[in-house]
Amino acid sequence: MSEKIHVLLSEEAVDKRIQELGDSISQDYAGSQVHLICVLKGGVFFTCELAKRITVPVSMDFMSVSSYGDDTKSSGVVKIIKDLDDSIENKDVLVVEDIIDSGRTLSYLLDNLRSRNPRSLKLCTLLDKPERRVTEVKVDYTGFEIPDKFVVGYGLDFRQQYRNLPYIGVVELD
């Protein structure tokens, strides 16, 4: 099986939107520090670019959760592969995700993080597929709403490939 990639969102469009998100987050957290939780692996590209555009003090930690395996559709089973290194108690936490699809993974993750007593807990995603939502999730900052297509680039992968594309592309399987 081979695949073709077609550009959905250009590098310029993604870069511009991340700047806008950074500006909004900086304004909302003015006078405070924001603790970013990057959801690995896909979120790392977005988190790094977003952090560079946030003007308030930023701290960062990483989690790895999975509900996909090697498939293109969520399995519905969520597992924590790598937990946080530090406590988030009394911190203003912003979870940064590459894409929200069914909502199962983020719903599970947000419930888990809420139990750790952060001062505040918000969610930022580069991409949102609301038509695929099975579990409702409140998204505070959204880069782009996209159609129900399998996408890669900017951290998103297909079988561990294409994460390094500087744009968001749609995968078409032959």
Side-chain angles (χ1 to χ4, degrees), residues 1-22 24-25 36-54 60-84 94-110 112-113 122-174:
M1 179 183 344
S2 65
E3 57 272 356
K4 292 181 183 166
I5 311 298
H6 300 282
V7 176
L8 177 65
L9 298 165
S10 70
E11 181 177 5
E12 295 77 21
V14 173
D15 188 59
K16 180 177 184 273
R17 185 65 184 128
I18 293 173
Q19 181 62 57
E20 292 168 355
L21 290 169
S24 294
I25 292 164
L36 303 180
I37 295 178
C38 172
V39 182
L40 298 172
K41 297 177 186 170
V44 74
F45 287 77
F46 176 46
T47 303
C48 290
E49 290 301 317
L50 181 65
K52 291 191 297 188
R53 291 163 174 85
I54 295 174
M60 195 179 301
D61 205 343
F62 301 86
M63 284 188 92
S64 182
V65 294
S66 178
S67 66
Y68 279 82
D70 275 342
D71 204 350
T72 61
K73 291 193 170 51
S74 174
S75 66
V77 177
V78 179
K79 63 181 180 176
I80 293 178
I81 297 166
K82 186 229 176 283
D83 208 342
L84 299 174
L94 180 62
V95 175
V96 183
E97 177 66 290
D98 55 358
I99 189 165
I100 301 175
D101 194 287
S102 71
R104 288 185 192 110
T105 302
L106 265 296
S107 177
Y108 172 86
L109 182 59
L110 292 171
N112 181 293
L113 293 173
K122 291 187 177 183
L123 175 60
C124 178
T125 187
L126 179 59
L127 304 174
D128 189 5
K129 288 187 191 178
E131 67 188 83
R132 296 260 313 149
R133 200 76 84 243
V134 172
T135 304
E136 201 50 46
V137 175
K138 180 182 185 288
V139 183
D140 300 284
Y141 305 96
T142 301
F144 300 93
E145 281 192 13
I146 62 168
D148 185 15
K149 304 282 185 191
F150 192 76
V151 291
V152 294
Y154 228 90
L156 294 131
D157 75 295
F158 176 63
R159 297 181 178 154
Q160 297 300 325
Q161 295 183 26
Y162 307 113
R163 288 188 195 278
N164 61 321
L165 295 177
Y167 58 86
I168 303 299
V170 175
V171 176
E172 289 185 13
L173 301 174
D174 291 340

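All values derive from a computational prediction rather than experimental measurement. This chain uses plain numbering: 1 for the first residue, then up along the sequence. Note: hydrogens, waters and symmetry copies are ignored here, and every other heavy atom, side chains too, is used.
- We find the CD1-CE distance between Ile37 and Met63 to be 7.0 Å, quoted to the nearest 0.5 Å.
- With hydrogens and angles ignored, the 3.5 Å screen pairs no side-chain donor or acceptor of Ser107 with any backbone N or O of Gly103.
- Atom CD1 of residue Ile168 and atom CD of residue Glu11 lie 10.5 Å apart, to the nearest 0.5 angstrom.
- Using a 4.0 Å cut-off between a side-chain N of Lys or Arg and a carboxylate O of Asp or Glu, Asp128 and Arg133 qualify as a salt bridge.
- Side-chain atoms of Lys129 come within 3.5 Å of backbone atoms of Lys149 as a donor-acceptor pair (strictly under, hydrogens ignored).
- Closest non-hydrogen pair, Cys124 versus Leu50, comes out as SG-CD2, 3.9 Å.
- Of all the heavy atoms in Val151 and Leu156, the pair that sits closest is O-CB, 3.7 Å.
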What do the steps show when you test Lys16 against Glu12 for salt bridge (charged side-chain N to carboxylate O under 4.0 Å, His left out), and what is the final call? CA-CA 6 Å; Lys16 180 177 184 273; Glu12 295 77 21; over 6 Å; no

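- A distance of 5.5 Å separates CG in Leu126 from CD1 in Ile18, rounded to the nearest 0.5 Å.
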In sequence, state the C-alpha distance, the side-chain angles, and the governing distance for Leu113 and Leu84, and then conclude on side chain to side chain contact (heavy atoms under 4.5 Å, CB included). CA-CA 10 Å; Leu113 293 173; Leu84 299 174; 3.8 Å; yes

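- Nearest heavy atoms, Leu36 versus Ala51: CD1-CB, 3.8 Å.
- When all heavy atoms are compared, the tightest approach of Gly155 to Phe45 is CA-CD1, 3.3 Å.
- Under the 3.5 Å distance criterion, the side-chain polar atoms of Lys82 are matched with a main-chain donor or acceptor of Phe62.
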Take Leu106 and Thr125, measure what side chain to side chain contact (heavy atoms under 4.5 Å, CB included) needs, and give me the verdict at the end. CA-CA 10 Å; Leu106 265 296; Thr125 187; over 6 Å; no

Stepwise side chain to side chain contact (heavy atoms under 4.5 Å, CB included) test for Tyr108 and Ile80: CA-CA 10 Å; Tyr108 172 86; Ile80 293 178; 4.0 Å; yes

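- Between Phe150 and Phe158, the shortest heavy-atom contact is CE2-CD1, 3.6 Å.
- Note that CD1 of Ile99 and CD1 of Ile146 are 4.0 Å apart. Values are rounded to the nearest 0.5 Å.
- Between the CG atom in Leu94 and the CG atom in Leu21 there is a gap of 9.5 Å [rounded to 0.5 Å].
- Using modelled atom types, no side-chain atom of Thr142 and backbone atom of Phe144 make a donor-acceptor pair closer than 3.5 Å.
- Using a cutoff of 4.0 Å between basic side-chain nitrogens and carboxylate oxygens, Arg53 and Glu49 are scored as salt-bridged.
- Val95 pairs in a side-chain contact (heavy atoms from CB on, under 4.5 Å) with only one of the listed residues (Val39, Thr47, Val139, Asp140), which is Val39.
- For the atom pair CD of Gln161 and CD1 of Ile5, the computed distance is 9.0 Å after rounding to the nearest 0.5 Å.
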